[in-house]
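Below is one structure, written out as structure tokens, with a few remarks after it.
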Amino acid sequence: MRIILFGPPGVGKGTQAKLLTEEFNSAHISTGDLLREAVKNMTPLGKKAKEYMDAGNLVPDEVMIGLIEEVLKSEKAQRSFILDGFPRTVAQAKALDRMFEKMGIALDAVISLRVEHDEVIRRLGNRRMCRTCGRIYNLDQLNGDMDRCKNCGGELYHRDDDKPETVRHRLDVYLNQTKPLKDFYRQTGRFIQIDGMQEIGYVHKQILDIIYKNRNHH
Ligand code: AMP
């Protein structure tokens, strides 16, 4: 199974990708997670990406395309994968199409999650991420027990780019550079839109319904 999760920041791509990964034992390919790891380890990639990420801008296409090509060639991505946060520009989507063609594989679905912008600002203001394993939490969910990741005991932190000023800019970047991709994928016929304002379990169930319906068609 090969799926793209698409949508603005804070819509729940990461959360849904993790649920799907558990369900299908797929590789979760989050370019944001890969970049944050590179920044943490101060690799050449991390050094290139940091400035863009801090400002809430997109990392240049050629850097991202090189990164994703490497990941798709790796062992863990051979059977099935969930792409979370890639592609984010039409140039990235076109490059991805070419890679798939070369590798002889096809996408099963592009699942687009929708959310209102006020809700994005609220959600990202409340979002906490584990520094070690990348697991995502919401302050509402943590009930005062705010310090440690339930999964691995790692430290929870508020991403700098989740502060309201940067979130507003990330939403602009989404509208200008990423949203146009919807039309690109609508033309392929595997584009499905889901309401991301719903509760996590409900959104997950809707995604599963679509995946199974698609499977029965092929
Ligand atoms: P995310 O965790 O998906 O919100 O990504 C965090 C940041 O990483 C973004 O704001 C961008 O600066 C960068 N990033 C992640 N994926 C991409 C991509 N496909 N293209 C360009 N920049 C990206």
Side-chain angles (χ1 to χ4, degrees), residues 3-18 20-21 27-41 43-72 77 81-100 107 110-113 115 117 119-121 123-138 156-182 184-185 196:
I3 286 177
I4 291 178
L5 282 180
F6 180 85
V11 75
K13 297 188 294 294
T15 301
Q16 295 299 330
K18 287 199 169 76
L20 291 173
T21 305
H28 175 197
I29 306 177
S30 157
T31 43
D33 285 350
L34 291 170
L35 291 171
R36 276 184 291 278
E37 189 66 24
V39 169
K40 190 166 81 181
N41 296 330
T43 67
L45 171 67
K47 283 180 190 154
K48 263 189 241 167
K50 185 176 184 331
E51 224 178 282
Y52 297 98
M53 294 173 76
D54 286 347
N57 287 320
L58 295 184
V59 175
D61 283 337
E62 61 277 14
V63 176
M64 296 311 299
I65 291 166
L67 172 66
I68 213 75
E69 192 156 27
E70 209 175 292
V71 178
L72 288 181
F81 54 76
I82 318 285
L83 275 177
D84 158 17
F86 188 97
R88 262 179 159 98
T89 64
V90 173
Q92 290 179 15
K94 287 185 172 160
L96 189 65
D97 267 4
R98 285 194 294 274
M99 284 177 225
F100 284 168
L107 274 178
V110 178
I111 296 169
S112 167
L113 299 169
V115 67
H117 287 185
E119 174 71 3
V120 168
I121 308 229
R123 282 188 190 178
L124 297 190
N126 279 336
R127 174 158 81 175
R128 297 295 179 272
M129 187 176 256
C130 173
R131 234 185 248 291
T132 310
C133 74
R135 186 138 161 187
I136 299 157
Y137 294 90
N138 190 291
L156 301 183
Y157 76 113
H158 192 202
R159 276 170 53 178
D160 265 343
D161 63 346
D162 279 351
K163 311 261 152 89
E165 321 76 77
T166 317
V167 169
R168 279 191 199 94
H169 180 64
R170 284 164 67 202
L171 277 169
D172 281 341
V173 168
Y174 170 77
L175 287 176
N176 293 325
Q177 292 176 266
T178 307
K179 206 174 172 199
L181 264 178
K182 279 191 183 189
F184 181 85
Y185 282 121

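In listed order, ligands and their atoms are each counted from 1. It should be emphasised that the depicted structure is a prediction, and the values quoted were computed from it without experimental measurement.
Short contacts between ligand 1 and R170, defined as distances under 4.0 Å to a heavy atom of the residue, involve ligand atoms 4 (O). When each atom of ligand 1 is checked for a heavy atom of Q92 under 4.0 Å away, the hits are 18 (C), 19 (N), 20 (N), 21 (C).
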**OP:** Test side-chain hydrogen bond (donor to acceptor under 3.5 Å, both in side chains) on D161 and H169 and set out the steps.
**Re:** CA-CA 9 Å; D161 63 346; H169 180 64; over 6 Å; no
**OP:** Report the C-alpha separation of R170 and D162 in whole Å, then their side-chain angles, then the decisive distance to 0.1 Å, and conclude whether the salt bridge (Lys or Arg N to Asp or Glu O under 4.0 Å) test is met.
**Re:** CA-CA 9 Å; R170 284 164 67 202; D162 279 351; 2.9 Å; yes
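Between D33 and R36, at least one side-chain nitrogen of the basic residue sits less than 4.0 Å from a carboxylate oxygen of the acidic one, meeting the salt-bridge criterion.
Among protein heavy atoms, the minimum distance from atom 22 (N) of ligand 1 is reached at V59 N, 3.0 Å. Looking only at protein heavy atoms, the nearest one to atom 11 (C) of ligand 1 is N57 O, 3.5 Å.
Within 6.0 Å of the OH atom in Y157, the count of heavy atoms belonging to other residues, nucleotides or ligands exceeds 12. Annotation: K182, atom NZ; neighbour count of heavy atoms from other residues, nucleotides and ligands within 6.0 Å is above 12. For NZ of K163, the number of neighbouring non-hydrogen atoms (other residues, nucleotides, ligands) closer than 6.0 Å is greater than 12. Annotation: E119, atom CD; neighbour count of heavy atoms from other residues, nucleotides and ligands within 6.0 Å is above 12.
Under 4.0 Å from ligand 1, the heavy atoms of R36 that appear belong solely to its side chain. The backbone and the side chain of M53 each have at least one atom closer than 4.0 Å to an atom of ligand 1 (non-hydrogen atoms only).
Heavy atoms of R159 approach ligand 1 to within less than 4.0 angstrom.
Nearest to atom 5 (O) of ligand 1 by heavy atom, out of R88, K50, M64, is R88. Between the choices L83, T31, L35, L124, the shortest heavy-atom distance to atom 14 (N) of ligand 1 belongs to L35.
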